[in-house]
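Beneath this line is the structure, given in structure tokens, with notes to follow.
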Number of protein chains: 2
Amino acid sequence: MNLSKRRALLDELVSKGVRLTSQRRALVEVIQEANEHLDAASLLDLARRREPNIDRATVYRTLELLKKLRLIDELDLMHLYGEKHYYEVKSERNHAHLACFRCGRIEEYSSPLFERLKAEIAKQADFTIKVTRLEVGGNCRACGSGVSTGQEDRESRTATALHQ
Amino acid sequence: MNLSKRRALLDELVSKGVRLTSQRRALVEVIQEANEHLDAASLLDLARRREPNIDRATVYRTLELLKKLRLIDELDLMHLYGEKHYYEVKSERNHAHLACFRCGRIEEYSSPLFERLKAEIAKQADFTIKVTRLEVGGNCRACGSGVSTGQEDRESRTATALHQ
DNA sequence: CTGATTGCAAAGAATTTGCACTGCT
DNA sequence: AGCAGTGCAAATTCTTTGCAATCAG
């Protein structure tokens with residue numbers, strides 16, 4: 001990860017006239033250098049290693065800010081592990097997130113077809129698209145089609161077992 | 001809305017050997033006859049008119065059940081109004097939800113291109129798709145491209161106003 | 001300087017759970 | 001009759017907010 005990439009978001013913030021505090025700097029760096037999808041609590045943990053003086057509230061407020069500036073995307077990842085949100089730096093081309101109900105792995109998928117679909121929606125529905133979120137749940141390659149292996153899906157978060 | 005449609009979900013449940021209680025019946029009917037996206041609290045309200053004796057917990061447990069049976073889909077609708085979820089009966093062909101940040105309107109959009117994209121994902125990523133959720137946020141036809149009208153976006157849920 | 005940003009602690013929204021009781025099939 | 005399903009109330013999880021103190025520009 002090169003310096004220019006690491007500073008991309010920070011520079012973007014400065015150029016937008018956003019006030020740079022040590023807390024924001026820490027958070028932005030953490031998000032930018034992450035190589036997995038992080039939720040607010042993890043972001044707080046990681047940011048604290050750089051800047052011990054940072055609070056949960058600041059994390060949420062900063063995420064809100066970055067979202068509004070459209071510098072990050074908020075993901076649900078099919079709510080595989082509770083209702084928390086995950087965050088990632090917005091990239092040029094957006095991608096779908098494939099969430100495996102069995103093993104919990106998240107895979108990213110981008111395709112020109114997705115871009116075409118977005119263009120079609122914008123045109124046909126006359127809709128100015130600002131954010132797009134495509135999440136797909138199912139079974140990944142490694143976990144197969146998932147028919148009666150007796151394995152419990154990660155989807156099943158309640159005790160309501162299906163007797164079949 | 002004809003009788004056969006109204007009973008579709010109930011019959012499906014019976015055929016799967018799911019125990020039919022008056023509470024489940026009420027809920028399923030409400031979901032099926034709804035013509036807008038309802039959250040758990042609204043479902044509870046509406047179901048209570050048919051079956052006064054029904055609790056919030058039962059609503060959540062039933063929704064979980066219907067989700068697992070893949071009879072309904074859970075939506076976030078871009079979290080336009082808080083973090084609650086919305087529910088709709090799963091339809092043959094699935095559609096995107098376009099959420100307008102300005103007026104809050106939700107528009108549905110389906111297209112063969114979406115089906116093609118799903119097929120491509122399944123094949124290319126070797127992923128067995130069980131649920132798909134495509135949500136798009138932006139400005140609807142009526143609300144325009146949303147550049148500097150001084151209007152507040154529904155996205156902005158915190159006080160962190162952007163001075164620009 | 002001075003208003004935007006923060007930490008703290010408390011509140012809030014949405015959902016889940018344990019347990020004794022009820023009612024399908 | 002037996003056990004899945006329920007109501008109730010309390011607990012949990014995740015996020016937001018009010019306010020006084022702080023700090024970036």
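Naming convention: chains lettered A, B, ... in sequence-line order (proteins, then strands); numbering from 1 in each chain. All values derive from a computational prediction rather than experimental measurement.
In this structure, A:Leu27 atom CG and C:dT5 atom C1' are separated by 13 Å, rounded to whole Å. The CZ atom of A:Arg19 sits 7 Å away from the P atom of C:dA4 (whole-angstrom rounding). Between the CG atom of B:Leu20 and the P atom of D:dG5 there is a distance of 10 Å, given to the nearest Å. Taking atom OH on B:Tyr81 and atom C1' on C:dA14, their separation rounds to 18 Å, with Å as the unit. For the pair B:Glu64 CD and D:dG5 P, the interatomic distance rounds to 13 Å; values are reported in whole Å. Atom CG of A:Leu44 is separated from atom C1' of D:dC14 by 13 Å (rounded to the nearest Å). In this structure, B:Glu83 places its CD atom 6 Å from P of D:dT16, rounding to the nearest Å. To the nearest angstrom, P of C:dA14 lies 15 Å from CG of A:Asp76.
For A:Glu120 and B:Tyr109, the side-chain atoms include at least one donor-acceptor pair closer than 3.5 Å. Counted by atom type alone, B:Asp39 and B:His85 present zero donor-acceptor pairs between their side chains at under 3.5 Å. Side-chain N/O atoms of B:His97 and B:Glu135 include no donor and acceptor closer than 3.5 Å.
When every heavy atom of B:Met78 is checked against every heavy atom of A:Val131, the shortest pair comes out as CE-O, 4.0 Å. Closest of all the heavy-atom pairs between B:Arg93 and B:Ser111 is NH1-N, 4.3 Å. Considering all non-hydrogen atoms of both residues, B:Ala40 and B:Leu63 come closest at CB-CD1, 4.3 Å.
Side-chain N/O atoms of B:Gln23 include one lying less than 4.0 angstrom from OP1 or OP2 on D:dG7. At least one side-chain nitrogen or oxygen of A:Tyr60 sits closer than 4.0 Å to the OP1 or OP2 atom of D:dT15. Between A:Thr21 and the phosphate of C:dT6, there is a side-chain N or O to OP1/OP2 separation shorter than 4.0 Å. Between A:His85 and the phosphate of D:dT15, there is a side-chain N or O to OP1/OP2 separation shorter than 4.0 Å. Side-chain nitrogen and oxygen atoms of A:Arg24 include at least one within less than 4.0 Å of the OP1 or OP2 phosphate oxygen of C:dT5.
Nucleic acid contact for A:Ala41: none, since no nucleic acid atom lies under 4.0 Å from a heavy atom of the residue.
Looking at A:Arg56, its side chain comes within 3.5 Å of the base of D:dT15 through a donor and an acceptor atom.
Rounding to the nearest 0.5 angstrom, the gap separating the CG atom in A:Asn139 from the SG atom in A:Cys103 is 8.5 Å. Residue A:Lys130 holds its NZ atom at 5.0 Å from CZ of A:Arg70, rounded to the nearest 0.5 Å.
Exactly one residue among A:Thr62, A:Val28, A:Asp55, A:Thr58 makes a side-chain contact (heavy atoms from CB on, under 4.5 Å) with A:Gln23. That residue is A:Thr58.
Overall bending of the helix from C:dC1-D:dG25 to C:dT25-D:dA1, expressed as the angle between end axes built from five pairs apiece, is 50° (10° steps).
By the neighbour-count criterion of 12 heavy atoms within 6.0 Å, atom CZ of A:Arg116 is sparsely surrounded, having that number or fewer from other residues, nucleotides or ligands.
Of the residues in residues 48-55 of chain A, those lying under 4.0 Å from DNA chain C by heavy-atom distance are A:Asn53, A:Ile54, A:Asp55.
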